[in-house]
Protein chains: 2
Amino acid sequence: MRKPIAVRSLYGHVMHELGQRIVGGKVKPGEVLPREETLAESLQVSRTALREALKVLSAKGLIESRTGVGARVLEKRHWNQLDADVLAWRCASMPTDDFVDKLVEMREVIEPAAAANAARRRSTEQLAAIDAAYRAMDAAQTLDEWTAADLQFHDAVLHATGNELLQSLFSVVETALGTFFTLSARTAGNFKYSLPQHQKVLEAIRRKQPEVARKAMHAMIADSQANLQHSRGRARKKASA
Amino acid sequence: MRKPIAVRSLYGHVMHELGQRIVGGKVKPGEVLPREETLAESLQVSRTALREALKVLSAKGLIESRTGVGARVLEKRHWNQLDADVLAWRCASMPTDDFVDKLVEMREVIEPAAAANAARRRSTEQLAAIDAAYRAMDAAQTLDEWTAADLQFHDAVLHATGNELLQSLFSVVETALGTFFTLSARTAGNFKYSLPQHQKVLEAIRRKQPEVARKAMHAMIADSQANLQHSRGRARKKASA
DNA sequence: ATAGTCGATTTGTATGACAAACCGTCCGGG
DNA sequence: CCCGGACGGTTTGTCATACAAATCGACTAT
């Protein structure tokens, strides 16, 4: 009796399975899922476990259960699009260019503003955290180390704003950076190319220069976007060749 | 604050009760809740209903259940701060000045950027929706009508960005506007005073002038913030008198 | 033709039972 | 004395079953 290593709880498995089906478009908004008893049987779990999964999906705004009717898939407009799971499900298959653009746009809204606020209000400890992340990026030997340190850097900047609401948007930044690493052309060859840009952000926050920090962060995002466009072009050419 | 739903499901009641206790600070991060059987008894529900509530709270990042240990309240850093329920619970009692400032800050990050993007990309239908909301604000006779139309206006602007991730931040804007209406000094006397500012945003979006729209939205938020500061001053004076 | 009623369907809640994971304790060996 | 492993109590995780409540559609009476 072997169990997968990445052990998730039973209900977690069910939730992911159904969540991916919905977000992936296998069942469309307006449709109703099979009745709980049937679903539970087809997923090999008890109705209890299934129902807990449905409750959480309902909390994420994906479905709505009504007695006598069933669980209906809600319109995308009701989905909790910023939820980490929902974002992950949207990236489960290769994300569309359209979606990547929206992620980049979110970064452009969030991160320059965050950098500016961080430059205004960062504490000494918060600056130290950003600095530590920067040094970890500098010291990174592998792509994995770099990725982890990069995420830590952006998280530390959000944290330094002192606004926990802003920090909760990290799931968006995380997803955006994740797809960037997946799609980007340069990551394989020279994954450290954006280090100087990170340094500029760090220094601006250290010196408490909000507008400098904002522009530095903006430049960094714009550059990574250009990078994406570039690799997109290559992918196109490759596909049509 | 307004009550969205009159009758809630049983598990919904339990979830709100526990959610408020946690967010309100009655049980602090690190503490563990009583065991499920005890909690269920004290809340007069079955373990089934209680567990569904706990699952959803867990999905919102408020608690973590581990077998053999119990349900532990997580650090605030893990909370899903952008969740509509979590925001509502933070406003359940009179929100702290600190929290209101953070809400305003979020608006300053989100809405000017959204207005600019809306001005860039709005469709004819999306513009019509913003226009309709504006006219509803103009025609409002009561504070309730105004409030509803105002929310609709800001939602329509977010929608017009065409970025559903951005639109999911409406819960934040909604909460911010809600506390504004609760706390603001001017709402009682002349609740329509911000109509011209909304008109400027509308016109800029109509004319597809991103930077004009951004500045108009920014001015609107800055003004409402000033308004809040003003009523805060009065509240202070009153309290110390 | 329409309103009201009834019944079939599906979710909501309750209850009891057991499995699985966790924690502290106790015990034995070094 | 110190330390590691086994053991048992505690708590959550999952399952099975039963019934209550809500909903929708069809049928009936007027």
Side-chain angles (χ1 to χ4, degrees), chain A residues 1-19 21-22 27-74 78 85, chain B residues 4-19 21-22 27-75 78 85:
Chain A
M1 179 167 188
R2 66 211 139 62
K3 283 187 178 179
I5 322 168
V7 276
R8 257 204 181 99
S9 63
L10 199 41
Y11 104 94
H13 268 123
V14 174
M15 183 185 72
H16 265 67
E17 172 62 28
L18 294 178
R21 278 191 205 173
I22 293 172
V27 288
K28 295 192 169 55
E31 291 183 41
V32 301
L33 276 56
R35 46 186 295 236
E36 295 181 349
E37 204 174 293
T38 309
L39 253 183
E41 192 182 359
S42 76
L43 291 170
Q44 304 273 3
V45 297
S46 71
R47 212 187 135 203
T48 307
L50 173 71
R51 276 184 60 78
E52 293 189 341
L54 291 178
K55 267 281 148 29
V56 174
L57 290 177
S58 174
K60 295 181 190 300
L62 297 187
I63 62 174
E64 184 191 48
S65 288
R66 293 175 62 182
T67 116
V69 181
R72 204 176 84 255
V73 177
L74 292 177
H78 295 105
D85 287 324
Chain B
I5 315 169
V7 194
R8 251 192 244 281
S9 63
L10 199 43
Y11 105 92
H13 270 123
V14 173
M15 183 185 71
H16 266 68
E17 172 63 28
L18 294 177
R21 279 190 203 172
I22 293 172
V27 286
K28 295 192 169 56
E31 291 183 41
V32 300
L33 275 54
R35 49 187 290 237
E36 294 180 350
E37 203 173 295
T38 309
L39 253 184
E41 192 182 2
S42 73
L43 291 170
Q44 304 271 4
V45 297
S46 72
R47 208 186 139 203
T48 307
L50 173 70
R51 276 184 59 79
E52 293 191 342
L54 291 178
K55 265 284 149 22
V56 174
L57 291 177
S58 174
K60 294 180 189 300
L62 297 187
I63 62 174
E64 184 191 48
S65 288
R66 294 174 63 179
T67 114
V69 181
R72 204 176 84 255
V73 177
L74 293 176
E75 300 294 322
H78 295 105
D85 287 323

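Order of the sequence lines sets the chain letters (A, B, ...), proteins ahead of strands, with each chain counted from 1. Given the structure is predicted, the values throughout are model-derived calculations rather than measurements.
Across C/dG12, D/dA16, C/dC23, the shortest atom-to-atom separation from the side chain of A/Thr48 is found for D/dA16. The side chain of B/Ser9 lies closest to C/dT13 when the candidates are D/dT23, C/dT13, C/dC23. Comparing D/dT12, C/dT13, D/dT23 against the side chain of A/Arg47 picks out C/dT13 as the nearest.
Nucleotide C/dA14 holds its P atom 14 Å from the CD atom of B/Glu37, rounded to whole Å. Atom CG of A/Leu54 is separated from atom P of C/dT10 by 15 Å (rounded to the nearest Å). Rounded to whole Å, atom P of D/dT12 lies 10 Å from atom CD1 of B/Ile63. With rounding to whole Å, A/Glu36 atom CD is found 15 Å from D/dC15 atom C1'. One can place CD of B/Glu52 at 13 Å from P of D/dG13, the figure rounded to the nearest angstrom. Remark: P of C/dG12 and CD of A/Glu64 are 10 Å apart, rounded to the nearest angstrom. Rounding to whole angstrom units, CZ of residue B/Arg72 and C1' of D/dT11 are separated by 15 Å. Rounded to whole Å, atom P of D/dG13 lies 11 Å from atom CG of B/Leu50.
Surrounding CD of A/Glu31 are more than 12 heavy atoms belonging to other residues, nucleotides or ligands, all under 6.0 Å away. Sparse packing is recorded around CD of B/Glu37, with 12 or fewer heavy atoms of other residues, nucleotides or ligands lying under 6.0 Å away.
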Worked check of side chain to side chain contact (heavy atoms under 4.5 Å, CB included) between A/Leu74 and A/Ile63: CA-CA 5 Å; A/Leu74 292 177; A/Ile63 62 174; 5.5 Å; no
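For the pair A/Thr67 and B/Arg51, both in contact range of DNA chain D, the more 5′-proximal nearest nucleotide belongs to B/Arg51.
Here the rule is side chain to side chain contact (heavy atoms under 4.5 Å, CB included) with A/Leu50, and of A/Thr38, A/Leu18, A/Leu33 only A/Leu18 fits it.
Not a single donor-acceptor pair, N or O on each side, falls under 3.5 Å between the base of D/dG13 and the side chain of B/Arg66. Side-chain atoms of A/Ser46 and base atoms of D/dA16 include no donor and acceptor less than 3.5 Å apart.
The pair A/Glu52-B/Arg51 meets the salt-bridge criterion, with a side-chain N (NZ, NE, NH1 or NH2) lying under 4.0 Å from an Asp/Glu carboxylate O.
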